[in-house]
There are 2 protein chains.
Amino acid sequence: MTDQVDRILEQWQKEKPGLDVSPMAVIGRLSRTALNIESRLAGTFERHGLDASTFDVLATLLRSGARYWITPAELARESMISTSAVAQRLNKLEARGLVAREANPNDGRGTLVALTDTGKKLIEQALPDHLETERAILSPLSRDEQAALALLLGRIGDAVV
Amino acid sequence: MTDQVDRILEQWQKEKPGLDVSPMAVIGRLSRTALNIESRLAGTFERHGLDASTFDVLATLLRSGARYWITPAELARESMISTSAVAQRLNKLEARGLVAREANPNDGRGTLVALTDTGKKLIEQALPDHLETERAILSPLSRDEQAALALLLGRIGDAVV
DNA sequence: TATTGTTATACTCTATAACTATA
DNA sequence: TATAGTTATAGAGTATAACAATA
């Protein structure tokens, strides 16, 4: 049962016999798995008229509490993008009537963002479908194996971040 | 030892208590880890005047055998992008003198691509540095743990692809 | 002066479609 | 007709820098 990464490792082995390319086995699979997952999730998003970055914003707003408003700066931090990218995402979402912007009463320079009723309805419809896709992706692994995977990834993440 | 993903899960737990968001623990960490790794690898590439896609092409050429030429179609397959994207990548690499294109003697329609001496030198310098970065990223895990991680990722990949 | 947020701008990357040349 | 590869084009997404308003 060889996969694409196995073939690549064999090529390296043949071409550069002295080189220890074993890290590629792990990181190569990680990258390719992430890419594959991304494209599978994209299918679910599309069924709801969303894409990954739109879902990201709406989900962040939903989980931050239906009755709260959050600032563009917080959104930027959550999504690891610039505040300018956030402004441009919000422009689109606002045009579609999915989010609303209001002046921040505590800071005249600021803005607060929240889901509209339409936006809330949309993300609440998409979320269970999204989770179902994630569950399907992970289904080849037992619960314990999923937990082990999360733990190993967390150990790398701690060091990387 | 809570991380970003833990915080997100707690938010969901609070806001949607009935919802089983456990798949997010795994897939969220996988996505974020992949992103972090990507940005760390980018640093190494940059030190050699490369980026991920450039490295990708040069490494594919190197491991396919120094004395062989490969077709743009093969490059597209390896990198999972369109042949048009390959042509545009090759234009840049050719302009920098890192790859050479020649007519395919066996097929008048075709092109064959190979590393130039300069390109070979560059990728052979970058490769050990790249592997060192990958090793550093994986260093929090023992050899066995790295193997276990690769295996778990492979099990997901098999199902996804 | 520093900070929040938006916009103007430019850049990078990509895929689709049109095109050339050959099979 | 089908295929290999390139180019022209347009679209998506981003960040940097400039800007306005307020702290």
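So that the names make sense, note that chain A is the first sequence line, chain B the second, and so on, each numbered from 1.
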Just how far, in rounded Å, is [atom2] of [N] from [atom1] of [X]?
X: B:W69; N: D:dG5; atom1: CH2; atom2: C1'; value: 16 Å
X: A:L75; N: D:dT14; atom1: CG; atom2: P; value: 13 Å
X: B:Q88; N: C:dT12; atom1: CD; atom2: P; value: 13 Å
X: A:I81; N: C:dT6; atom1: CD1; atom2: C1'; value: 14 Å
X: B:L50; N: C:dC13; atom1: CG; atom2: P; value: 12 Å
X: A:E74; N: C:dT4; atom1: CD; atom2: P; value: 11 Å
X: A:L90; N: C:dG5; atom1: CG; atom2: P; value: 10 Å
X: B:E38; N: C:dC13; atom1: CD; atom2: P; value: 13 Å

Got a salt bridge between [X] and [Y], using NZ or NE/NH1/NH2 to carboxylate O under 4.0 Å?
X: B:E134; Y: B:R40; value: no
X: A:R77; Y: A:E74; value: no
X: B:E78; Y: B:R63; value: yes
X: A:R155; Y: B:D3; value: no
X: A:E10; Y: A:R7; value: no

Would you state whether a donor and an acceptor, one from the side chain of A:S84 and one from the base of D:dT16, lie under 3.5 Å apart?
-> yes
Distance-only donor-acceptor test, B:T111 side-chain atoms vs D:dT6 base atoms, 3.5 Å |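 Answer no: no donor N or O sits under 3.5 Å from an acceptor.
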Does [X] have a side-chain nitrogen or oxygen under 4.0 Å from the phosphate oxygens OP1 or OP2 of [N]?
X: B:R89; N: C:dT14; answer: yes
X: A:R101; N: C:dT6; answer: yes
X: B:K92; N: C:dC13; answer: yes

Contact residues, residues 52-59 of chain B to DNA chain C [heavy atom, < 4.0 Å] =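 Contacts with DNA chain C under 4.0 Å: none.
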Using a heavy-atom cut-off of 4.0 Å across all strands, would you classify [X] as base, sugar-phosphate, or nothing?
X: B:N104; answer: nothing
X: B:A87; answer: base
X: A:D107; answer: sugar-phosphate
X: B:N106; answer: nothing

side-chain contact (heavy atoms from CB on, under 4.5 Å) evaluation trace for B:L75 with B:I70 | CA-CA 7 Å; B:L75 277 172; B:I70 71 180; 3.8 Å; yes
Pair B:Q88-B:S84, side-chain donor/acceptor within less than 3.5 Å =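 Present: a donor and an acceptor within the cut-off.
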From B:R89 atom CZ to B:D51 atom CG, the distance as rounded to the nearest 0.5 Å = 8.0 Å
Grab the N/O contacts between the protein and nucleotides 18-21 of chain C below 3.5 Å, and write none if there aren't any.
none

Which of parallel (below 30°), tilted (30 to 60°) and perpendicular (above 60°) describes A:F45 and A:H130?
-> parallel
Grab the two heavy atoms, one from B:R101 and one from B:A87, that are nearest each other, plus how far apart they are.
->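 The answer is NH1-O, 3.9 Å.
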